[in-house]
Novice: 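Please see the structure below; I have some questions.
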Amino acid sequence: AQSVSQHNHHVILSEAASLELGCNYSYGGTVNLFWYVQYPGQHLQLLLKYFSGDPLVKGIKGFEAEFIKSKFSFNLRKPSVQWSDTAEYFCAVKPDNYGQNFVFGPGTRLSVLP
Amino acid sequence: NAGVMQNPRHLVRRRGQEARLRCSPMKGHSHVYWYRQLPEEGLKFMVYLQKENIIDESGMPKERFSAEFPKEGPSILRIQQVVRGDSAAYFCASSPLPLDQGRELFFGEGSRLTVL
């Protein structure tokens, strides 16, 4: 079945550690790719997105992601996390020929210890 | 700076009752999407509406669930005769145009339904 997977359910890091959250999808063809973040008690916010062009995308708050088409991946990275990055992170895919909705991964909970 | 507004934020219902969840999209947005998040799962698409029209309801359960987006007023997700399995967070999102060419969804804070 076509889907979006995120490798880690829960990641625990200390402040200043580097972060990489995996995201893989199984759709062929052209896709738009997104990372959303949900801080505790808040709505989902867009961190970054890939539509076309440079596969290395920079987002807000020092996050970046790299689209590797051959691996069907869109991993999220941050070189040095802060306690305030504690949140749930969702990868989302919008395949071009899949109607008007996003397909979300199950989410990765990040806990950053001070 | 009014974003997507959902209410109620929390709703408790007993089995067999009806639940109504409301969503006011961002100003200028005429496309509304409802997603459901079950515990330990990601967001699952339910329905996509434009003013007065249901465009895609492929993710809606066939029974007890309905959605509308009238010409005036918020979009409403209605769940009749709720069961415990309906307990979830229901998120509304909106966009100003169809989701092509990298356009993003703007989300509300969600409505958490608990069925006793």
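Only this structure's heavy atoms are used, side chains among them; waters, hydrogens and symmetry mates stay out. Since we're looking at a predicted model, the values are computed, not measured.
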Novice: If hydrophobic clusters are built by linking Ile, Leu, Val, Met, Phe, Trp and Tyr wherever their side-chain heavy atoms come under 4.5 Å apart, do Val37(A) and Val112(A) end up in the same one?
Specialist: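 Same cluster.
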
Novice: According to a 4.5 Å side-chain heavy-atom criterion applied to Ile, Leu, Val, Met, Phe, Trp and Tyr, with indirect links allowed, do Phe106(B) and Val32(B) form part of one hydrophobic cluster?
Specialist: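 No, Phe106(B) does not connect to Val32(B) through the hydrophobic network.
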
Novice: Under the rule for ring pair (Phe, Tyr, Trp, His ring centres under 6.0 Å), what residues qualify as partners of Phe91(B), not counting sequence neighbours?
Specialist: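 Once residues adjacent in sequence are excluded, Phe91(B) has no partner under the ring pair (Phe, Tyr, Trp, His ring centres under 6.0 Å) criterion.
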
Novice: Same hydrophobic cluster for Leu11(B) and Ile79(B), using side-chain heavy-atom links shorter than 4.5 Å among ILVMFWY?
Specialist: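 Leu11(B) and Ile79(B): one cluster.
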
Novice: Counting heavy-atom pairs closer than 4.5 Å to chain B, which one of Ala92(A), Gly105(A), Pro106(A), Gly41(A) comes out on top?
Specialist: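 Winner by heavy-atom pair count: Pro106(A).
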
Novice: Scan Val4(B), Leu105(B), Leu43(B) and name whichever one has a side chain to side chain contact (heavy atoms under 4.5 Å, CB included) with Leu44(A).
Specialist: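 Only one option passes, and that is Leu43(B).
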
Novice: Look at the side-chain heavy atoms of Ile, Leu, Val, Met, Phe, Trp and Tyr, link any pair under 4.5 Å apart, and say whether Leu97(B) and Phe69(B) land in one connected group.
Specialist: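 Shared cluster, no.
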
Novice: With a 4.5 angstrom heavy-atom cut-off, which part of Phe102(A) approaches chain B: side chain, backbone, both or neither?
Specialist: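 Its backbone and side chain both get close to chain B.
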
Novice: Out of curiosity, does Val31(A) fall in the hydrophobic cluster containing Val57(A) (side-chain heavy atoms, cut-off under 4.5 Å, transitive links)?
Specialist: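 Yes, it is one cluster - the side chains of Val57(A) and Val31(A) are joined through contacts under 4.5 Å.
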
Novice: Under 3.5 Å, what donor-acceptor pairs does chain A form with chain B?
Specialist:
residue: His9(A); atom: NE2; partner: Glu40(B); partner atom: OE1; Å: 2.9
residue: Asn32(A); atom: OD1; partner: Gly102(B); partner atom: N; Å: 3.0
residue: Tyr36(A); atom: OH; partner: Leu105(B); partner atom: N; Å: 3.0
residue: Tyr36(A); atom: OH; partner: Leu105(B); partner atom: O; Å: 2.8
residue: Lys49(A); atom: NZ; partner: Gly102(B); partner atom: O; Å: 2.8
residue: Gln100(A); atom: OE1; partner: Leu99(B); partner atom: N; Å: 2.4
residue: Gln100(A); atom: NE2; partner: Asp100(B); partner atom: OD1; Å: 3.1
residue: Phe102(A); atom: N; partner: Tyr35(B); partner atom: OH; Å: 2.9
residue: Phe102(A); atom: O; partner: Tyr35(B); partner atom: OH; Å: 3.3

